[in-house]
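Proteins get letters first, then strands, A, B, ... in listed order; numbering begins at 1 in each. Computed from a prediction, not measured in an experiment: that's the story for all the values here.
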2 protein chains.
Amino acid sequence: MKKNELMQYSCPLGKAMSALGSKWKPIIVLVIKDRKLRFGELAVRIHVISRKVLTDQLREMEADGLVIREEFKEIPPRVEYSLTEKGLALLPILYLLEEWETKYHVYDPDKVKECGVNSKKIKKTVV
Amino acid sequence: MKKNELMQYSCPLGKAMSALGSKWKPIIVLVIKDRKLRFGELAVRIHVISRKVLTDQLREMEADGLVIREEFKEIPPRVEYSLTEKGLALLPILYLLEEWETKYHVYDPDKVKECGVNSKKIKKTVV
DNA sequence: CAGGATCCACATCGATACTG
DNA sequence: CAGTATCGATGTGGATCCTG
């Protein structure tokens with residue numbers, strides 16, 4: 001997502017969407033939600049995402065002030081992610097979005113496919 | 001945005017984001033907001049977006065039940081777009097997002113750049 | 001006027017291999 | 001363990017030209 005192109009027309013909304021407008025960020029926020037998680041735990045919980053992309057997303061979210069990254073200088077390395085106040089403040093809005101989707105949901109088999117977490121399979125069959 | 005890959009882990013949120021998770025859709029919703037707009041009017045108001053992409057986005061939003069497309073068989077052609085109930089229901093959430101962004105906004109010159117509508121320039125200089 | 005069709009450039013994603 | 005580096009495939013956006 002080309003962030004810089006988002007900042008136009010409706011500025012605050014543009015910026016908001018640049019902070020969470022990616023595929024993964026809202027989901028990452030929901031996954032971290034209430035407890036610190038290590039990188040590996042995140043990777044397992046959202047294992048449809050490659051580790052590289054997960055890293056990228058987390059870095060951007062850190063830069064956007066959504067998550068806190070704590071690196072422990074240990075062997076083996078340990079890194080824990082948690083939500084900032086800003087990230088936490090996003091939760092109610094995400095819940096509203098879920099409600100909204102649930103309420104106005106029209107079942108469209110072409111779009112819904114499956115909701116399994118094992119997307120490898122989905123991806124292959126869908127694409 | 002590969003919509004099909006969004007439907008995992010957190011389903012309702014995934015679907016919600018697939019409906020408005022693109023760069024432009026939230027902005028389009030805000031622009032249409034309270035009155036019907038013709039295609040050309042939309043294109044002018046969001047003139048950073050190419051007409052092709054605007055068309056694509058509107059088509060997807062129509063399929064997602066966010067907007068209504070009314071085509072008048074006239075010469076010259078006229079097409080008017082308006083929000084569905086579902087699209088309207090999204091407005092308060094978008095306003096919350098704006099509030100959220102405004103409240104937690106941290107000024108980061110590397111990210112904010114400009115909020116001008118003339119993004120050609122922005123793009124060139126940024127990239 | 002509102003687009004459809006093409007073509008091209010560029011980003012982004014995913015897989016793999018490697019490192020401290 | 002938690003990344004980084006690299007490469008290739010895929011997707012997406014923009015520009016241009018064409019049509020009813």
Side-chain angles (χ1 to χ4, degrees), chain A residues 1-6 8-9 17-18 21-25 27-28 32 36-62 67-82 118-124 126-127, chain B residues 1-6 8 18 21-25 27-28 32 36-63 67-82 118-127:
Chain A
M1 168 158 293
K2 290 168 273 181
K3 313 193 78 154
N4 298 313
E5 296 177 29
L6 277 171
Q8 52 338 51
Y9 207 81
M17 290 308 291
S18 98
S22 100
K23 277 199 285 225
W24 303 109
K25 287 171 186 175
I27 293 172
I28 293 174
I32 301 186
K36 287 185 183 182
L37 287 180
R38 302 181 56 168
F39 181 83
E41 298 178 295
L42 277 170
V44 168
R45 281 170 171 73
I46 323 177
H47 61 69
V48 292
I49 188 176
S50 73
R51 297 170 82 85
K52 176 197 166 217
V53 177
L54 180 55
T55 302
D56 295 344
Q57 299 289 303
L58 285 169
R59 290 279 189 276
E60 289 184 16
M61 293 169 75
E62 190 191 3
V67 302
I68 297 167
R69 195 185 108 103
E70 291 177 278
E71 187 172 356
F72 299 84
K73 293 295 187 182
E74 304 173 356
I75 306 283
R78 179 162 59 105
V79 178
E80 292 185 350
Y81 292 92
S82 52
N118 50 343
S119 75
K120 300 272 182 184
K121 201 177 47 192
I122 292 180
K123 242 187 59 186
K124 302 307 183 197
V126 164
V127 178
Chain B
M1 168 157 294
K2 291 169 273 181
K3 311 193 78 147
N4 298 313
E5 297 175 28
L6 277 171
Q8 62 322 60
S18 98
S22 98
K23 277 198 287 224
W24 302 109
K25 288 171 186 172
I27 292 173
I28 293 174
I32 300 185
K36 288 185 183 180
L37 286 179
R38 302 181 57 167
F39 180 83
E41 297 178 298
L42 277 170
V44 168
R45 282 170 171 71
I46 324 179
H47 60 70
V48 292
I49 188 176
S50 72
R51 296 170 83 86
K52 174 198 168 215
V53 177
L54 180 55
T55 303
D56 296 344
Q57 300 289 302
L58 286 168
R59 290 281 188 275
E60 289 183 18
M61 293 170 75
E62 190 189 4
V67 303
I68 297 167
R69 195 186 107 105
E70 293 176 278
E71 187 172 353
F72 300 84
K73 294 295 187 182
E74 307 173 353
I75 306 283
R78 179 162 59 107
V79 178
E80 292 185 348
Y81 292 92
S82 52
N118 50 341
S119 73
K120 300 272 183 185
K121 198 177 46 190
I122 292 179
K123 242 185 61 186
K124 301 307 183 198
T125 54
V126 164
V127 178

Q: Indicate the atoms forming the closest heavy-atom contact of A/Ala43 with A/Arg51, along with that distance.
A: CB-NH1, 3.8 Å
Q: Quick one: closest heavy-atom pair of A/Arg38 and A/Pro77, and the distance?
A: NH2-O, 3.4 Å
Using atom [atom1] of [X] as one end and atom [atom2] of [N] as the other, report the distance to the nearest whole Å.
X: B/Lys73; N: D/dG20; atom1: NZ; atom2: P; answer: 12 Å
X: A/His47; N: C/dA15; atom1: NE2; atom2: P; answer: 13 Å
X: A/Phe72; N: D/dG3; atom1: CZ; atom2: P; answer: 12 Å
X: A/Glu80; N: D/dG3; atom1: CD; atom2: P; answer: 12 Å
X: A/Leu37; N: D/dA2; atom1: CG; atom2: C1'; answer: 15 Å
X: B/Lys52; N: D/dT12; atom1: NZ; atom2: P; answer: 10 Å
X: A/Ile49; N: C/dG14; atom1: CD1; atom2: P; answer: 7 Å
X: A/Trp24; N: C/dG14; atom1: CH2; atom2: C1'; answer: 11 Å

Q: Report the residues that fulfil side-chain contact (heavy atoms from CB on, under 4.5 Å) with B/Val79, sequence neighbours left out, ordered by chain and then residue number.
A: B/Arg69, B/Glu71, B/Tyr81
Q) About how many Å separate CG of A/Leu42 and CD of A/Gln57, when rounded to the nearest 0.5 Å? A) 12.0 Å
Q. In Å and rounded to the nearest 0.5 Å, what is the CD1 to CG distance from B/Ile28 to B/Leu58?
A. 5.0 Å
Q. Which residue, A/Asp56 or A/Pro76, contacts DNA chain C at a nucleotide closer to its 5' end, judged by nearest heavy atom?
A. A/Asp56
(Q) Run B/Asp56 and B/Leu54 through side chain to side chain contact (heavy atoms under 4.5 Å, CB included) and show every step you take. (A) CA-CA 5 Å; B/Asp56 296 344; B/Leu54 180 55; over 6 Å; no
Between protein and nucleic acid, restricted to nucleotides 2-4 of chain C and to nitrogen or oxygen atoms under 3.5 Å apart, what atom pairs and distances do you find?
from: C/dA2; atom 1: OP1; to: B/Arg38; atom 2: NE; distance (Å): 3.1
from: C/dA2; atom 1: OP1; to: B/Arg38; atom 2: NH2; distance (Å): 3.3
from: C/dA2; atom 1: OP2; to: B/Gly40; atom 2: N; distance (Å): 2.9
from: C/dG3; atom 1: OP1; to: B/Arg59; atom 2: NH2; distance (Å): 3.4
from: C/dG3; atom 1: OP1; to: B/Arg69; atom 2: NH1; distance (Å): 2.2
from: C/dG3; atom 1: OP2; to: B/Tyr81; atom 2: OH; distance (Å): 2.9
from: C/dG4; atom 1: OP1; to: B/Arg59; atom 2: NH2; distance (Å): 3.1
from: C/dG4; atom 1: OP2; to: B/Arg59; atom 2: NH2; distance (Å): 3.1

